[in-house]
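Remarks on the structure that follows.
All heavy atoms count here, side chains included; hydrogens, waters and symmetry mates do not. Chain letters run A, B, ... following the sequence lines, proteins first and then strands; every chain starts at 1.
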Amino acid sequence: MATIAAPTKIRFRDAQVEMAHGAGGKASRRLVEGLFAPLLFGADSAQPLGDAAHLDFNGTRIGITTDSFVVRPLRFPGGSIGELAVNGTVNDLAVSGARAEALVVSYVLEAGLPTPVLEAEVRAMGDAARNAGVLIVSGDTKVVEHGKADGMYITTAGIGRAISGLRMSPNSVRPGDHVIISGPIGDHGITILLARGDLDLESDLRSDTRPVLPFVEAIVDVAAPGLRWMRDPTRGGLATSLNELARDCGLGIVLHEDWIPLRDAVRGACELLGLDPLHIANEGQFVAVLAPEFAELALDAIQRTPGGEDAAIIGEVRAAPAATVLGIAPYGGTRVIDMLVGDPLPRIC
Amino acid sequence: MKFVDEFRHPTAITQTAEEIRRIADPERHYRLMEVCGGHTHAIYRFGLKDLLPDNVELVHGPGCPVCVLPMGRIDDGLAIGAQPDVIFTAFGDMMRVPGANGSPLEHKARGMDVRIVYSPADALKLAENNPEKHVMFFAIGFETTAPSTALTLLRARDKGVHNFSIFCNHVTIIPAIRAILDSPDMRIDAFLGPGHVSTVIGCRPYTWIAENEGKPIAVSGFEPLDLLQSILMALRQLNAGRAEVENQYQRVVPWDGNQAALRAMAQVFELRPYFEWRGLGFISQSALRIKDELAEWDAEHRFQVPGVRVTDPKAAQCGEVLKGVLKPSQCKLFGKECTPEHPIGALMVSSEGSCAAYFNYEHRKSAELVGIGA
Amino acid sequence: MCLAIPGQILELLPGPPLLAVVDVTGVRRKVDLGLLEDENPLPGDWVLIHVGFAMSKISEQGAHQQMQMLRMLGEDQAAMEEVSGYGLTDRIVEGAPKSP
């Protein structure tokens, strides 16, 4: 095992923590790269920081990850915090190329939380774990005063063996590679936004929370040698995940905007509020980059897996513009698609 | 989406762009100003500059109500928000605009009750649901938004809701256009008129631009096809030596405007003698205040506001960019000290501000990319 | 100031004030119709929505007229191509055709 790296100087200049630092966009990246990385991971970590890490234990590769779930309201159409807590961690491992086998869970509960609410979430976690084929093997509970924790916060950590034969990394991405999304974007984030009730909008949208491992396994079966990179575009949306890749591999990623699957209601809500669906969180999708000779095979495999019917090829990797994601409209107009800065805010202008 | 997708139709867009390229006289350089920030945003968001010939230049105007709001007014609003039991409400556009001691979102992080609303009606509802608090709505916008604020105030009056007030920062578009035309370093050939402001004020208020100033103006919608059609209309006028007001956005803009909206505004607002516009200085008769008889709902009457004037850092060239004299990339601070993440001037904070729009959608494109989608 | 989106009135709600439930491709919101009180808005009408208020009725005829303008444009271009094919380019008045 490697020794713990010596800490280096922090580069984080913000005076205080803001909500934006948790939004998954540029501010989050500043915090992670500027404060956490120098102090915890050392300046020499050559690996680009991902959500999950793979460690080698005498020849066995194990994936490990952790995630916290802080969501208001706790229950929403299509799911609840309990399911997010299981699926989120299973998905982080899946897109890193590992099969989640066991989770540990930590609850921070607010005093005054009604027992039926807690029971419903724990039941939901149990069901989600069974559905995803993982065991919850250990846990911890803390209680904080009334007024903190928004009801409950859940943190899960997951562990599982790496899928053999996969060598994914941003460095393996090449111009000409294809970008595939597993389904429509923006469902989860818009569902949550509407469920908060502040905007007085109603729809039939549901969160897309689900484990993506079945789709990953489907791709691996037919396209493992050509699978370059995967990510689950949660907070910060598809734009942020692809910008991270573009930055890490130094290449350009071109998206054909009309190829991106999008439900009408997500589109309507985004048009109404002035939001970009590319910046909205997803909890049941993943984006994959594949070598061109494997792309159609991979797409076909996902589409034939239940729930994957809406998967689509949405773009390709190019040499230029370097480290940039570019959107192209069907009539030829282009725009740079940037990473989210802070929380996506509705606008009227 | 009906009434949207038709105006994003690729073939129609391509045909209109080809016609623009066909009629643009290679011996001329055309400078068209789109007044409205929403147009600036749409131009970049839809990549429309890629479709125009090099000799048709779009210059960004000052029609961004967030951008032209002086920092002192934000501080005034936050001073009200800092009062006990006050809920500060505003559109999302305002939330990251820096005041002297931070933006509304930063104040929220430090404990102020700050809420984003989509509609002034939602702010009123918040007041009705929180009788022990006072809800202040920070109203911004041109004539597109002012009627909604006016109606909301009238609703508050009719329902007898007294724990609600409006901090009025509405501004009017015509004085801004006049300031552009009066500016000595100006050279604009034609205008793309603000489509949504015009649903309220109609097209008549622009006739002096054509008749007195001799500049064509095409009142434009916001979809790619709308903007390209309007550019085409302006070019045709310029080529023919005409100067008229044309209504490209006729599917929603009535020539005479919206009388009900104008009535509501007349009931609630009157013009301030003068108002400071960030980057443009003091302009007379350019902003609205709430009439005295409705002072009960005027936040400036209910609360003491400091009224401090905060000047912009000298290095920031917001004023020149607002007037279209400089391009965003020509400001010394652009992309370095001033970015959307740490904005110095308001043009970078508001997503429809020319600097933010340019930074977010354009400036990393290299020349070799233009036309790669074709 | 400028973000306004078309939506369709689903139902009018008992007022005053005059409110309606409006649909924007599957998202619904209560919208204040107070600015359209002169125009007798009805379920099925399309309106332009800005900050929760309807600003204007959208004229189907107006939209068609705009698309008409384009069809004429398409015909103009087809005619131009025909003419230039005959080598009669000096007949084209508005400037030489530019290559895209």
Region of [X] in contact with chain A, defined by heavy-atom distances below 4.5 Å:
X: B:Lys108; answer: neither
X: B:Phe46; answer: both
X: B:His9; answer: neither
X: B:Leu126; answer: neither

Are [X] and [Y] linked by a side-chain donor-acceptor pair shorter than 3.5 Å?
X: A:Asp14; Y: A:His21; answer: yes
X: B:Glu143; Y: B:Thr172; answer: no
X: A:His256; Y: A:Glu316; answer: yes
X: B:His60; Y: B:Tyr358; answer: no

For chain B, which candidate among A:Gln16, A:Met339, A:Met19 shows the most heavy-atom pairs at distances under 4.5 Å? A:Gln16

Between A:Ile337, A:Asp258, A:Thr324, A:Asp276, who has the most heavy-atom pairs with chain B when the cutoff is under 4.5 Å? A:Thr324

Taking only residues two or more places apart in sequence or in another chain, which ones pass salt bridge (Lys or Arg N to Asp or Glu O under 4.0 Å) with B:Asp113? B:Arg115

Under 4.5 Å from any heavy atom of chain B, what part of [X] do you find: side chain, backbone, both or neither?
X: A:Leu201; value: neither
X: A:Ala323; value: backbone
X: A:Ala322; value: neither

With chain A, which of B:Val66, B:Asn360, B:Asp122 has the greatest number of heavy-atom pairs at distances under 4.5 Å? B:Asn360

Using ring pair (Phe, Tyr, Trp, His ring centres under 6.0 Å) as the criterion, list what pairs up with A:Phe76, not counting sequence neighbours. A:His188

Could A:Asp187 and A:Arg263 be called an ion pair, given the rule that one side-chain N must be under 4.0 Å from one carboxylate O? yes

